[in-house]
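What follows is a single structure, written as C-alpha cells, with notes after it.
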Protein chains: 2
Amino acid sequence: MKITSSTEYATRLIVNLGRTFGAAAVSTEKLSESENVPADYVNQLLLRLKRAGLVQSHRGSGGGYSLSRSPEKITLGEVLRAVEGTIFEDVCGKYNDGRKDCHHQGHCGISPVWQKLAALIEQYFDSITLAHLMEEKAGSCGKVEAMLGRIPQ
Amino acid sequence: MKITSSTEYATRLIVNLGRTFGAAAVSTEKLSESENVPADYVNQLLLRLKRAGLVQSHRGSGGGYSLSRSPEKITLGEVLRAVEGTIFEDVCGKYNDGRKDCHHQGHCGISPVWQKLAALIEQYFDSITLAHLMEEKAGSCGKVEAMLGRIPQ
DNA sequence: AACATACTTGACTATTTTAGTCAAGTATCG
DNA sequence: CGATACTTGACTAAAATAGTCAAGTATGTT
C-alpha cells in the first residue's frame with residue numbers, strides 16, 4: 001500500500017490553491033512550477049478535481065483554477081475520490097478463481113477485516129480538511145492524533 | 001489502495017494452517033486446492049512466511065507446512081510484512097523531482113498525514129491475530145469495532 | 001537403495017496499473 | 001484578432017503485480 005503520485009500531487013496542488021483562496025485564480029503553469037509537477041499532469045489532475053466540483057476554472061488570459069469552497073469545507077477524502085475514483089478498492093470477490101461470490105462468504109473472518117480497514121481509511125481521510133493541511137506545522141492534525149492514541153493495544 | 005492477491009492469498013493460507021494447528025502438516029497442493037490458489041503461487045507465498053519464521057516446513061512424504069506458533073501469537077501485521085516487505089510504503093521524498101529531501105519539509109501539513117495513515121494501518125494490522133480471523137463470524141474483531149466507533153466526526 | 005512425495009530456489013513472463021506525454025481542440029480577455 | 005489558458009481524449013513508457021516454470025534438494029516408505 002502506498003500513496004500514489006496522483007494523490008500526492010493533487011493534494012499539494014489543491015492545498016496550494018487553498019493558500020490563495022478568495023484571491024485570483026492560479027494558472028496550471030504556475031502550479032506546475034511551484035509544486036514541481038509536470039504541467040500536463042497538473043492539467044489532468046485539476047480537471048478531475050474540477051469534475052468532482054472541488055475547484056472551478058476560468059478560461060482565457062488571467063484565468064486559472066481556484067477552490068469552489070472554503071478550505072474548511074473540502075476534505076482530503078473528496079480529493080482522493082476525485083483523483084483515484086475510489087479510496088480503497090473492494091477486494092471481496094476479486095481473488096476467487098472466477099466465482100462471483102466471496103470466497104470466504106458465510107463464515108468469514110477475513111473479509112470483514114478488509115472492509116473495516118477500508119472504512120477506517122475512508123473515515124480518516126474524510127476527517128481531514130484542506131484547512132488542516134494548510135496549518136503547515138508537523139503534527140497539526142489533532143483529531144488524527146487523538147484517534148491514534150486511542151487504538152487498543 | 002487495495003489488498004493485493006499476495007496478501008489475500010497468504011492470509012487465507014495461514015488461517016487454513018491455523019485450523020489444523022497442533023495436528024499434521026498440510027501440503028502446498030492441498031492448500032492450493034482448498035483455497036483455490038495456484039500451486040506454484042502457494043509455494044512462493046509459504047516460503048516467504050517460512051523465511052519470516054511464521055510457519056515451519058517438513059519435507060518428504062507426509063510433509064507440508066504448519067504454524068510455528070499458536071494462532072493467538074501471530075498477527076496479520078507479521079503476515080503482511082512477510083509477504084509484502086512493508087505494509088505501507090513511505091512516500092516522503094519520493095515525488096520530489098529528484099530532490100532527496102521531502103518536498104514539503106519544514107513547514108509541512110501534508111506528510112504527517114501520510115505518516116499517520118501508515119501508523120494507523122500498521123497498528124490496525126498488528127492488533128489482529130490469526131485467532132481473530134479464525135473466529136469465522138462477521139464482525140468478530142471487537143477491537144477494530146471499538147476503534148472505528150471512536151473516530152471523531 | 002530406490003522411489004515417490006514434497007519443499008526450495010531463482011529466474012522468467014504476461015498482465016495491469018501508474019505515471020506521464022501529446023496533439024488538437026475551445027473559450028475568454030484585452 | 002491574437003495571446004492566454006483551460007479541455008478532451010488518446011497515447012506511451014515504466015513499474016508493480018500476478019503468476020509460471022524448471023531444475024533442484026531433502027525426507028519417509030518400501
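Within every chain, numbering begins at 1; the chains are lettered A, B, ... in the order of the sequence lines, protein sequences first and strands thereafter.
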Rounded to the Å, how far apart are [X] [atom1] and [N] [atom2]?
X: B:Gln56; N: C:dA6; atom1: CD; atom2: P; result: 17 Å
X: A:Glu8; N: C:dT18; atom1: CD; atom2: P; result: 16 Å
X: B:Asn43; N: C:dT9; atom1: CG; atom2: P; result: 11 Å
X: B:His58; N: D:dT25; atom1: NE2; atom2: C1'; result: 17 Å
X: A:Arg48; N: D:dT7; atom1: CZ; atom2: P; result: 14 Å

Under 4.0 Å between a side-chain N/O of [X] and OP1 or OP2 of [N], yes or no?
X: A:Ser57; N: D:dT7; value: yes
X: B:Arg51; N: C:dT9; value: yes
X: A:Ser61; N: C:dG30; value: no
X: A:Lys50; N: D:dT7; value: yes

Do B:Glu122 and B:Arg81 sit within salt-bridge range, that is, some charged N less than 4.0 Å from a carboxylate O?
->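 Here B:Glu122 pairs with B:Arg81 in a salt bridge, since their nearest N and O are under 4.0 Å apart.
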On DNA chain C, nearest-nucleotide positions of B:Tyr65 versus A:Gly60: which is more 5'?
->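 Result: B:Tyr65.
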Say whether, by atom type as modelled, one donor and one acceptor occur between the side chain of [X] and the main chain of [Y] under 3.5 angstrom.
X: B:Ser32; Y: B:Val37; answer: yes
X: A:Ser27; Y: A:Lys30; answer: yes
X: A:Tyr65; Y: A:Ile14; answer: no

Proximity to the side chain of B:Ser27 - top-ranked nucleotide from C:dA6, D:dC6, C:dT8 =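 So the side chain of B:Ser27 is nearest to C:dA6.
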Of all the nucleotides listed (D:dT8, D:dT25, C:dT9), which has the minimum atom distance to the side chain of B:Leu47?
->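 The answer is C:dT9.
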Taking every non-hydrogen atom, the tightest pair across A:Ala82 and A:Arg48 |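 So the minimum-distance heavy-atom pair works out to O-CB, 3.7 Å.
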Check A:Asn36, A:Thr4, A:Leu45, A:Val83 against A:Tyr9 for a side-chain contact (heavy atoms from CB on, under 4.5 Å) and give me the one that passes.
->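 So the option named by the test is A:Leu45.
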B:Arg59 or A:Leu46, whichever maps to the more 5' nucleotide of DNA chain D =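 It is A:Leu46, whose closest nucleotide lies nearer the 5' terminus.
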If you draw a 6.0 Å radius around CD in A:Glu29, do more than 12 non-hydrogen atoms from other residues or ligands fall strictly inside?
->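 Counting neighbours around CD of A:Glu29, 12 or fewer heavy atoms of other residues, nucleotides or ligands fall under 6.0 Å, so no.
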Below 3.5 Å is the cut-off: list the nitrogen or oxygen pairs between protein and nucleotides 16-21 of chain D, distance only.
from, atom 1, to, atom 2, distance (Å)
D:dA18, OP1, A:Tyr95, OH, 3.3
D:dA18, OP1, B:Ser5, N, 3.3
D:dA18, OP2, B:Ser5, N, 3.1
D:dA18, OP2, B:Ser5, OG, 3.1
D:dA18, O5', B:Ser5, OG, 3.1
D:dG19, OP2, B:Tyr9, OH, 3.1
D:dT20, O4, B:Gln44, NE2, 2.9

